[in-house]
Structure formats: C-alpha cells, structure tokens
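Every chain is numbered from 1, with letters handed out A, B, ... down the list of sequences.
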Number of protein chains: 2
Amino acid sequence: MDSVNLKKLSSILGLSVSTVSKALRDSYEISEETKERVKKIAKAYNYQPNIYASSLRKAKSKTIAVIVPRIANNFFISAIDGIQEVAQEKKYHVLIYLSHESYEYEKELVQSFASGRVDGMLISLTRETNDMEHLRQLVNNGIPVVFFDRVSTELDCSTVSTNDYESAFEATEHLIKAGCKKIAHCRISNKLSIGQHRLNGYRDALEKHNLDFHSKYVVKCSDNDVEDYKTIKTLLKDKDRPDGLFTAVESYTLIAYEVCRELGIKIPQDLKLITFSNLRTAGLLDPSLTTITQPAFEIGEKAAAELISAIEKPRYFKPENIILKSVLSPRDSTN
Amino acid sequence: MDSVNLKKLSSILGLSVSTVSKALRDSYEISEETKERVKKIAKAYNYQPNIYASSLRKAKSKTIAVIVPRIANNFFISAIDGIQEVAQEKKYHVLIYLSHESYEYEKELVQSFASGRVDGMLISLTRETNDMEHLRQLVNNGIPVVFFDRVSTELDCSTVSTNDYESAFEATEHLIKAGCKKIAHCRISNKLSIGQHRLNGYRDALEKHNLDFHSKYVVKCSDNDVEDYKTIKTLLKDKDRPDGLFTAVESYTLIAYEVCRELGIKIPQDLKLITFSNLRTAGLLDPSLTTITQPAFEIGEKAAAELISAIEKPRYFKPENIILKSVLSPRDSTN
DNA sequence: CTGAAAGCGCTAACAA
DNA sequence: TTGTTAGCGCTTTCAG
C-alpha cells in the first residue's frame with residue numbers, strides 16, 4: 001500500500017520518468033494528449049510527489065517559518081491567522097515555532113533554518129533579543145526575513161508594525177482628557193521596538209499636558225502572570241496610587257482587573273484603564289474595556305505577502321517599513 | 001556566503017563525507033578524537049544539515065502536521081500550545097493548517113501528506129466531514145493519525161477527547177437546579193462527535209428531570225457569526241423564550257451576551273447561560289460566565305505524545321481512546 | 001576506524 | 001515531442 005512515485009507511474013504509463021514529470025507540471029514540451037493521459041493515471045493512483053526529493057532538487061520548499069514569542073495571545077493568533085490566509089492562497093506551508101521569549105532558543109531556531117528548511121521566515125522578536133547576528137546570517141544565506149510587530153530596523157528587511165508611538169500618545173491623552181492626573185504605565189521590555197515606542201508616547205503625552213513623569217508610575221512587567229500580579233498589586237496598593245493606567249499589553253490589564261476587584265478599587269471611578277489589546281470580549285467585560293486594537297490580521301497578511309514577494313521576486317524586491325494604524329475604542333473603563 | 005554542506009566540510013577536514021556524517025551523528029565507528037575535531041569545525045562553520053536531503057534518504061522528516069478547523073478559537077489555540085510543547089521537546093517540527101470547516105480542503109490536505117511530507121498528523125475534523133476515506137488512506141500509507149476533540153472512532157487510531165456527554169448533562173442539570181424550566185441548546189453540527197454527545201447529554205438531563213424536550217429550543221448554529229447572531233436573536237425574541245441556555249461552543253454564548261444587551265434581557269435574572277468555553281476572561285465578563293472548560297492544553301499534549309509514540313514505536317503502539325475531564329466553573333451567569 | 005559508492009525521488013540539461 | 005542522464009546532499013551498506 002505504498003504511495004506511488006514517478007518511476008512506478010512512468011512504467012505504468014510506458015513513458016520515461018522525465019516525460020511524466022514534465023507532463024505533471026504542464027511543461028510546454030509535452031503534448032496535450034500525453035499530459036491528459038498522465039494526469040489521469042496520476043490521479044487514479046493518487047500520486048503525490050515526494051516533496052523532499054523535489055525540494056532537494058529545486059532548493060525551494062514552499063515552506064515558511066513563523067516564530068512568535070507565544071501563541072496564547074490574541075494578537076499573535078490573529079496575526080498567524082492572517083499569515084495562514086495568504087500562505088494558503090499562495091500554496092505555502094507554514095511551520096510555527098514558539099520562542100517562549102528565549103533569545104537562546106530563537107537563535108538556535110534561526111540558525112537551523114540556514115540550510116534551507118524554509119524559503120523564508122517571519123519573526124516577532126523575543127523580549128531579550130539584542131543582537132541581530134543570527135538573523136543577519138540567515139539573510140546573508142539568501143533566506144529572506146520579515147519582521148512583524150516586534151521589529152528591528154537594523155537589517156535590510158521588511159518590517160510590518162503599527163503606529164505605536166502615536167497610539168500610546170493618544171491613549172495617554174485619552175486618560176488625561178478623562179480627568180486623570182496620576183497616570184501609570186505598565187511597560188514591556190525596552191529591548192523591544194514596541195516597548196520603547198509605547199513608553200515614549202506615554203511620556204510625551206504627559207509632557208504635552210504638563211503632567212510630571214514619575215518613574216514610580218512606570219513599572220516593568222514581565223512574561224509571568226504571577227510576577228506581574230505582584231508588580232501590579234504593589235502599584236495599586238500604594239497610598240499615592242495612580243488614577244489612570246495605560247498598559248502596553250493586554251495581559252497586564254486583565255491582571256489589573258483582578259487586582260482591582262480584590263482591592264475594591266472601582267473602575268473607572270477610582271482608576272481608569274486603557275490598554276493595547278485584541279481581546280474579542282473587551283466590550284463584554286465588567287466594566288467594558290477601552291482598548292487600542294492593532295490590526296493584527298492585516299499585519300499578518302502584509303508580512304506574509306512581503307515575505308513571499310521577497311522569496312519569489314528577489315530581483316525586484318525592495319524592503320519596506322510598513323506601518324498600519326491601530327484603533328482606539330473608548331469604552332466604560334475610561335468613562 | 002552559501003551554507004556549508006557535508007562535502008565542503010569533509011574537504012576542509014581532509015576526511016571522507018561518510019566519516020564526517022557518521023562523526024556528527026556520534027557513530028560508534030568513529031574515534032573520539034575524530035568526532036571532536038569534526039564537531040568543532042562543523043560548529044565553526046555553522047554547518048546545518050540539509051533537512052531535505054536527509055529526509056529523502058531516511059524517509060523521515062521529524063515533522064508533524066496539525067489540521068484544525070480554525071485558529072481564532074481559544075480551545076484550538078491552547079491545544080496547539082500543548083502540541084507545540086511536546087513537539088518542541090521531542091524535536092519535532094509542526095506544520096499548521098486551517099481547514100476552515102471545509103471538507104474538500106481537509107481532504108486535499110490529507111491527501112497531500114501521503115507522500116511523506118510529514119511523519120504523522122493530528123486532526124480535529126471539520127463540521128462537514130462524513131467520510132473517512134482520505135484518512136484511512138493516509139493511515140494505510142503508514143502515516144499515523146491521531147484525532148483530538150472532534151474525533152472519529154471509525155479508524156484504528158488514537159483519539160483524545162473530553163467527557164462531553166457527561167459535561168453536557170452536568171451543564172443542563174446545573175441550569176435545572178438553578179431553577180430553569182425552559183432550557184434551550186445551541187448545538188454544533190451533529191456530524192461531529194462533540195455535537196452528538198453534547199446534544200445527547202442535554203436531552204438526557206432534561207429527561208431525567210422530567211422536562212420536555214422541545215425541538216424549537218434546540219437551534220443549530222453555524223460557523224458564521226452573522227448567521228448565528230440571527231439564529232440566536234430569533235430564539236431569544238420569541239414570546240415563549242427560554243429561561244436557560246446551554247451552548248455547545250463559546251462563540252455562541254458571546255453572541256448571546258450581545259443579543260441580551262440589545263434586547264434588554266437580563267442575565268441571569270431573565271436568562272441563565274452556560275457554555276463550553278476556554279475563555280480566559282470568563283470571570284471578568286458582565287456578568288461573569290459559567291463555563292465548562294476543556295483541558296485544551298493537556299488534550300494537545302496527550303495527542304502529540306500519542307502521535308509521536310505511534311511514529312517512533314510503530315511495533316509496540318496500541319491506539320487508545322483517551323478521555324480527559326472538563327471542569328464546570330459556576331459563575332454569575334447561572335446564579 | 002575510515003572511505004568508496006549506491007541511491008532516496010525528483011528536476012532539468014541535453015540528446016535524440 | 002520524448003528520453004537519457006547527472007546530480008541535489010545526505011545516509012548507509014560494504015570494503016578496506
């Protein structure tokens with residue numbers, strides 16, 4: 001019950017291997033008649049080409065890798081959804097890897113791609129990634145890379161991200177206009193592009209509105225819910241606690257909701273909350289949550305489209321830094 | 001700047017290709033001294049084996065495929081997370097495909113795996129899948145398959161699922177005990193194992209408690225939010241509308257929340273709600289949502305572990321039907 | 001302990 | 001229009 005290969009097929013057909021191969025790939029060299037006959041038999045025998053043989057031969061695999069820090073995250077999920085959408089359309093296969101925010105593992109993964117396992121790679125960097133050497137090597141090996149969301153512009157690669165600085169600015173201003181005077185920010189690692197941009201937007205909005213920047217109001221959160229819970233609880237237990245909180249990442253806000261319940265802090269009366277988030281249920285929360293939503297699906301689509309262009313038209317491809325816009329949706333948590 | 005291959009490496013080392021190959025794979029035939037020398041140089045040149053060549057040769061790729069109906073779904077995400085966890089540990093690569101509930105596409109995908117692109121496959125079936133022939137063929141080709149959640153026991157393959165019948169029974173009983181007399185059920189396709197089990201559990205619980213089964217209270221939902229919205233609205237607008245609703249799938253309940261807001265139906269006073277769900281924010285909703293939560297991550301882990309056993313120990317492997325238990329978490333929506 | 005050589009299944013020159 | 005053949009990079013006999 002083994003699957004047929006070209007050789008068997010050709011002997012069944014009484015043709016040479018190469019003729020069959022060409023016929024199946026619609027070569028102009030083969031007569032219509034033969035093509036038809038070959039395809040019919042191939043179908044009848046359910047012939048499936050061995051992709052390892054053809055990839056080896058062509059040095060192309062129609063496969064791309066996607067590395068994300070984690071998958072249990074609404075943003076990355078939607079991005080992957082978008083990536084899949086265009087990959088499927090363009091007949092690419094998608095290998096998914098989770099770096100779990102480990103630079104070492106990211107490096108190992110990226111290096112393993114150098115030998116051509118994939119035709120290209122999409123990546124959202126870990127919080128720890130400083131050094132781009134592993135990525136540079138991959139690119140030098142002729143394997144295109146496209147960054148999304150957590151990007152680096154150090155390399156000559158396309159990036160797809162959002163207007164984080166502006167959004168953070170807008171979010172902070174939104175809190176100020178809602179009457180907040182003491183606005184805190186839960187930031188994400190400043191090794192990340194998004195960490196810096198979101199922090200800067202926050203700071204500049206404060207400055208514009210003549211509010212002091214207090215370092216005690218800027219807390220660094222991690223990737224660990226338990227730790228973040230402590231961090232946020234400490235922040236909100238302070239006697240001089242903030243009256244507004246802008247968080248760089250959805251999970252921090254969900255933790256803040258829990259902490260507020262526990263401490264009896266009322267949202268939005270005592271504390272107004274806004275966050276970057278792709279939560280589907282933002283509008284159903286108690287109270288409903290004001291969000292800045294990134295166009296995650298489109299980011300994924302764009303990134304995949306860029307990558308596939310880079311793979312298929314290496315001559316004409318020009319790397320670009322694509323910026324998509326996020327949307328602020330005001331809800332009750334800042335009312 | 002091309003990546004080195006075995007041949008280059010061996011000429012650098014002044015050894016034969018086969019010696020280098022063996023040394024890198026720690027063959028007992030090679031002296032420790034040589035091994036060390038080889039590995040050192042291999043590392044220095046960042047040698048990465050060409051996976052297509054070795055897969056072709058060994059007819060093994062250390063790659064598995066995962067087919068899920070969709071990815072934007074908390075259950076499947078967690079399951080994939082679990083799959084990744086064990087795949088990574090066992091050094092397997094994971095290709096992800098979305099069937100988008102299309103049987104035709106599922107079939108096409110499965111067939112394409114026959115030639116050995118992957119060493120095994122994990123699948124959660126589409127709502128349309130009736131016929132198992134494509135899967136049977138794959139298995140006959142020597143490529144192991146493991147089902148998870150949306151399973152079929154028609155083939156001699158492992159399955160990993162949850163005690164859906166009992167959970168549905170328990171959920172319905174939970175509503176009855178909360179005082180509901182007219183309990184509706186939003187069901188999912190009864191081509192699916194889970195669709196049948198959840199409906200049966202619902203029906204039997206009604207029967208046990210001497211409540212009539214009304215077909216008008218059982219509505220079939222789809223995969224389309226807009227349609228489901230209409231369906232659920234019709235159900236809840238009825239003058240003889242239900243006072244309890246048990247939905248087979250998370251998204252139906254989120255829609256029900258929205259419909260209730262719109263129609264001014266108060267949860268839980270006017271309508272009590274319970275659903276299968278892996279929503280992280282169930283406890284933060286307004287009102288908090290009573291859920292039956294499937295151990296999605298563990299399902300993924302188990303399924304992947306089964307698959308890898310089937311791949312690596314074909315002789316000793318015995319397919320099993322593994323059932324994990326879901327947990328009912330009572331919250332305000334049924335209070 | 002090391003090396004030579006065959007061949008996995010396919011593609012693409014080149015020949016016929 | 002079809003066929004012959006070399007070879008992609010690796011693993012694995014088998015010989016030395």
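Nearest-nucleotide positions on DNA chain C for A:Leu6 and A:Glu29 put A:Leu6 closer to the 5' end.
Rounded to a whole Å, the NZ atom of A:Lys8 is 13 Å from the C1' atom of C:dC8. Straight-line distance from the NZ atom of B:Lys58 to the C1' atom of D:dT13: 16 Å, rounded to whole Å. For B:Leu13 and C:dG3, the CG to P distance is 10 Å, given to the nearest whole Å. Summarising the geometry, the separation between OH on A:Tyr28 and P on C:dA12 is reported as 11 Å, rounded to the nearest angstrom. Remark: P of C:dG9 and CG of A:Asn5 are 5 Å apart, rounded to the nearest angstrom. Between A:Arg117 atom CZ and D:dC10 atom P the separation is 13 Å, expressed in whole Å. The distance from atom NZ of B:Lys7 to atom C1' of C:dA4 is 14 Å, rounded to the nearest whole Å.
Looking at B:Glu101 and B:Arg150, a side-chain N of the basic residue comes within less than 4.0 Å of a carboxylate O on the acidic one, giving a salt bridge. With respect to the salt-bridge test (charged N to carboxylate O, under 4.0 angstrom), the residues B:Asp26 and B:Lys39 qualify. Between B:Lys107 and B:Glu133, no side-chain nitrogen of the basic residue sits less than 4.0 Å from a carboxylate oxygen of the acidic one, so the salt-bridge criterion is not met. Taking 4.0 Å as the cut-off between side-chain N and carboxylate O, B:Glu320 and B:Lys302 do not count as a salt-bridged pair.
Not a single donor-acceptor pair under 3.5 Å links the side chain of B:Thr63 to the backbone N or O of B:Val118.
An OP1 or OP2 oxygen of D:dC10 is reached within less than 4.0 angstrom by no side-chain nitrogen or oxygen of B:Arg25.
Proximity of B:Phe147 to B:Ser158: side-chain heavy atoms (C-beta onward) are nowhere separated by under 4.5 Å. Proximity of B:Lys191 to B:Thr129: side-chain heavy atoms (C-beta onward) are nowhere separated by under 4.5 Å.
Residues of residues 15-23 of chain A having a heavy atom closer than 4.0 Å to DNA chain D, listed by number: A:Leu15, A:Ser16, A:Ser18, A:Thr19, A:Lys22. Listed in residue order, the members of residues 39-52 of chain A having a heavy atom less than 4.0 Å from DNA chain D come to none. Listed by residue number, the members of residues 30-37 of chain B with any heavy atom below 4.0 angstrom from DNA chain C are B:Ile30, B:Ser31, B:Thr34.
Identified under the ring pair (Phe, Tyr, Trp, His ring centres under 6.0 Å) test for residues 98-123 of chain A, with sequence neighbours left out: A:Tyr97-A:Phe113, A:Tyr103-A:His134.
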In residues 68-83 of chain B, what donor-acceptor pairs under 3.5 Å come from side-chain atoms, sequence neighbours left out?
residue, atom, partner, partner atom, Å
B:Arg70, NE, B:Asp223, OD1, 3.3
B:Arg70, NH2, B:Asp223, O, 3.4
B:Arg70, NH2, B:Asp223, OD1, 2.7
B:Asn73, OD1, B:Phe75, N, 2.8
B:Asn73, OD1, B:Phe76, N, 3.1
B:Asn74, ND2, B:Glu250, OE2, 2.6
B:Ser78, OG, B:Asn74, O, 3.3

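Considering B:Ile64, B:Val66, B:Leu109, B:Ile67 in turn, B:Ile67 is the only one that fulfils the side chain to side chain contact (heavy atoms under 4.5 Å, CB included) rule with B:Met121.
Every residue meeting the salt bridge (Lys or Arg N to Asp or Glu O under 4.0 Å) condition with A:Lys62, not counting sequence neighbours, appears here in chain and number order: A:Glu312.
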